[in-house]
Amino acid sequence: MKMRSHMCGQITLAEVGQEVTLAGWVQRRRDHGGLIFVDLRDRSGIIQIVFSPDVNEEAFHLAEKLRNEYVVRVVGTVMQRPAGLFNPNISTGDIEIYVEKLEVLNASKLPPFFPDEASGVDESVRLRYRYLDLRRPEMQENLKLRHEVTKTIRNFLDRKGFWEIETPILTKSSPEGARDYLVPSRIYPGKFFALPQSPQLFKQLLMVSGIDKYFQIARCFRDEDLRADRQPEFTQIDLEASFITRDEIIDLMEEMVSEVFDKTKGIKLLTPFPRLTYQEAMDRFGTDRPDLRFGIELVDVSDLVVNTNFKVFSEVVAKGGQVKGINAKDCAKFTRKEIDELTKQVSEYGAKGLAWIAVNEDGVRSPIAKFFSEETISAICERMSANPGDLLLFVADKPSVVAASLGYLRVEIAKRLGLIIPDRFKFCWVVDFPLFEYDEEEKRFVAMHHPFTSPMDEDIELFDSDPGKMRAKAYDLILNGVELGGGSIRIHRRDIQEKMFKTIGISAEEAQDKFGYLLEAFDFGAPPHGGIAFGLDRFIMLLAQRDSIRDVIAFPKTQSSACLLTKAPSEVEPKQLKELHIKTEIGANNRLQEKK
RNA sequence: GGCCCGGUAGCUCAGUCGGUUAGAGCGCCUGCCUGUCACGCAGGAGGCCGAGGGUUCGAGUCCCUUCCGGGUCGCCA
């Protein structure tokens, strides 16, 4: 005897006349006194079941007690609906079940919200009762999509000869990169494991092991502040291959991403994806992850304004800064208030001001026009392809501030102009990243990607003379302004790796202490290798067209890294702390003791 | 760590210049109802205004502190 014979959404006209057994949740009850309709829901969909005293008196009276979210099992006959009573809103709208037997498997308290109205409910309530939130078809679709994407990727990589291999979750803390989550060791007092920020070093060791091609759907942990697209634990599609070039990896990944889009969404992507160098991306879009769904590129006008009377511009250029602008098409109608608003927004990126020129049919409107000759203004307009109706926005500062400010502005303007089309997918690769960036706070170079990234062969000689100029064999895959994945060809020689550590200020002793096992492995015949890691959560978020990765993770954490469902993190028993040789400063264990 | 937005009924929100008894929609409960599908009709219940302190004759409203949620910069691939 089976619990059920069909899923609710599976039943069609073909089953009319059959007796079926269904189980699911009461989505809604419509009680007409002498006739009761219930929408029965399971993962597959909704079907209307009908209780009538003419069919079964006992079931009918039991149905009067049903409430939303009760779990029931019904036995009944599939009937075609009478003419004119078709419900076009559900896939089973042309049939219904006449119930002969009703069994309440479990009652439900009144839930804080119903699955069919959850989209407007505050996210904290949804997270607290995540199991109710996940009853929503919309959320189930996201989880299903996630399943299908990982399944497609597993099949693809398997076909290409990659082996799925697990790497440790309890591992060694390392300097560089994000803050580690630590796990105290009971057996080694005062010592700690760290949760992996990524399987980076293990996958490199697998290459040294001769595995040749590895992948993993890997959970990663980073103890940093959160965003809509960042969780403290997240999932990477992580892969690595030996004897492979950058272009081979790029080709392979384009094929993989195309297959995922095709199989899960039926979208055919055009390959190869465009490639931009890091410098080009920064120059044209002000960011290393440009959204290519719209134009509005940054234009450098430094040379046009360096010798003008507008000191704000000329002095910045003279001091080695730059003046760049964007053309906000048809935005000349922006009010002072709107421009002030934009000015305030770019100030968050360090811009000290936002200069503007509104181009009209009969000339320009601009607080800075009086500083420029007519020739200068027309030269600026020409270079920025300005037409009447356009608004030119300028930021003058050091290059990093100009890029950040205008990079933000071009997206903001595109949003306001409705240029961002949600269901368009514009990929690009960004390549030729700098190997290092200078950390002003720590007064040293840090690895831009990570310290295991290989420099370009022709840049290796710059290690001693000008590390800031070195470029990396690194590449990022960008989709609609979101960094989807990043990887590199790695260092596989001990001498290069040691130079790398030295350049970022890691002493030989520290390198030995933290990464000795990797350096040692390089001594035993490490093959050239490289790989890439994709942010699976972001990938699904973009495919599902959601704004937050929380919507594609079954049990995500809040912005302050808490789980509202389990109330983690939480205090632990004093005994547990004692076993771990840990004393906390805030005396959490004392409070626990007092409660007992 | 900084900045911004929010927290009022189960849910979504309104609440004017500080004023007397804090409202709406949905939901919920009870009754009626044999073709609804956001069923309908009638009636009813439901509030620590996030918490603490202050100003005031009087605070949901003003001030301070704090907690929680979201966004963002820093941070983080």
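Treat the numbers as computed from the prediction; the structure is a model and nothing was measured. Quick note on labels: first sequence line is chain A, next is B, and so on, each numbered from 1.
Each of A:Ser124 and A:Asp229 has a nearest nucleotide on RNA chain B; the 5'-most of these lies closest to A:Ser124. Nearest-nucleotide mapping onto RNA chain B: of A:Phe113 and A:Asn87, the residue sitting toward the 5' end is A:Phe113.
Within the nucleic acid shown, A:Ser548 has no heavy atom closer than 4.0 Å to any nucleic acid atom. Among the atoms of the strands shown, base atoms are found under 4.0 Å from some heavy atom of A:His449. Residue contacts for A:Arg29: at a heavy-atom cut-off of 4.0 Å it reaches no nucleic acid atom on any strand shown. A:Asp54 comes within contact range of at least one nucleobase, with a heavy-atom separation under 4.0 Å. Nucleic acid contact for A:Arg222: sugar-phosphate only, since backbone atoms but no base atoms lie under 4.0 Å from a heavy atom of the residue. Counting any heavy atom pair closer than 4.0 Å across all strands shown, A:Asp31 reaches a base atom. Residue A:Ala228 is classed as a sugar-phosphate contact, given heavy-atom separations below 4.0 Å to backbone atoms only. Within the 4.0 angstrom heavy-atom criterion, base atoms lie near A:Leu85. Note on A:Tyr98: a base of the nucleic acid sits closer than 4.0 angstrom, heavy atoms only. Using a 4.0 Å heavy-atom cutoff across all strands shown, A:Gly177 reaches sugar-phosphate atoms only and no base atom. Note on A:Arg28: only backbone sugar-phosphate atoms sit closer than 4.0 angstrom, heavy atoms only; bases stay farther off. Using a 4.0 Å heavy-atom cutoff across all strands shown, A:Phe37 reaches at least one base atom of the nucleic acid. Counting any heavy atom pair closer than 4.0 Å across all strands shown, A:Arg67 reaches sugar-phosphate atoms only and no base atom. When heavy atoms are screened at a 4.0 angstrom cut-off, A:Gly486 is found touching no nucleic acid atom at all.
At a cut-off of 3.5 Å, with distance as the only test, no side-chain donor of A:Ser198 or A:Gln236 sits close to an acceptor on the other residue. For the residue pair A:Arg30 and A:Gln48, a side-chain donor N or O sits within less than 3.5 Å of a side-chain acceptor on the partner. Side-chain contact of A:His450 with A:Gln200: a donor-acceptor pair under 3.5 Å is present, judged by distance alone.
Ionic pairing of A:Arg230 and A:Glu224 is not present here: no N-O contact between side-chain nitrogen and carboxylate oxygen is shorter than 4.0 angstrom. We find that A:Glu412 and A:Lys344 are not joined by a salt bridge, their nearest charged nitrogen and carboxylate oxygen being 4.0 Å or further apart. Contact check on A:Glu138 versus A:Arg546 returns a salt bridge, with a Lys/Arg side-chain nitrogen under 4.0 Å from an Asp/Glu carboxylate oxygen. A salt bridge links A:Asp133 with A:Arg130: the closest approach of a Lys/Arg side-chain nitrogen to an acidic carboxylate oxygen falls below 4.0 angstrom. A salt bridge links A:Arg275 to A:Asp247: one of the charged nitrogens lies within less than 4.0 Å of a carboxylate oxygen.
Taking atom C1' in both B:C49 and B:U30, the straight-line distance is 29 Å, to the nearest Å. For the P atoms, the distance from B:G15 to B:C76 is 42 Å, rounded to whole Å. Nucleotides B:G10 and B:A51 are separated by 13 Å at their P atoms, to the nearest Å. Comparing the P positions of B:G18 and B:U72 gives a spacing of 34 Å, expressed to the nearest Å. Atom name P, nucleotides B:G58 and B:U65: the rounded distance is 23 Å, in whole Å. A distance of about 11 Å separates the C1' atoms of B:G27 and B:U12, rounded to the whole Å. Taking atom P in both B:C48 and B:C5, one finds a spacing of 28 Å when rounded to whole Å. Distance noted for atom P between B:G60 and B:C67: 23 Å (whole Å).
Across all strands shown, the partner of B:C26 is B:G10, judged by Watson-Crick or G-U wobble contacts whose two distances both fall under 3.5 Å. Across every strand in view, B:C32 sits in a pair with B:G40 that passes the Watson-Crick or G-U test at under 3.5 angstrom. With a 3.5 Å ceiling on both atom-pair distances, B:G58 lacks any Watson-Crick or G-U wobble partner.
The list of salt bridge (Lys or Arg N to Asp or Glu O under 4.0 Å) pairs with a residue in residues 472-482 of chain A, not counting sequence neighbours, reads A:Asp457-A:Lys473.
When RNA chain B is scanned 5' to 3' for any atom under 4.0 Å from a heavy atom of chain A, the first and last hits are B:G1 to B:A77.
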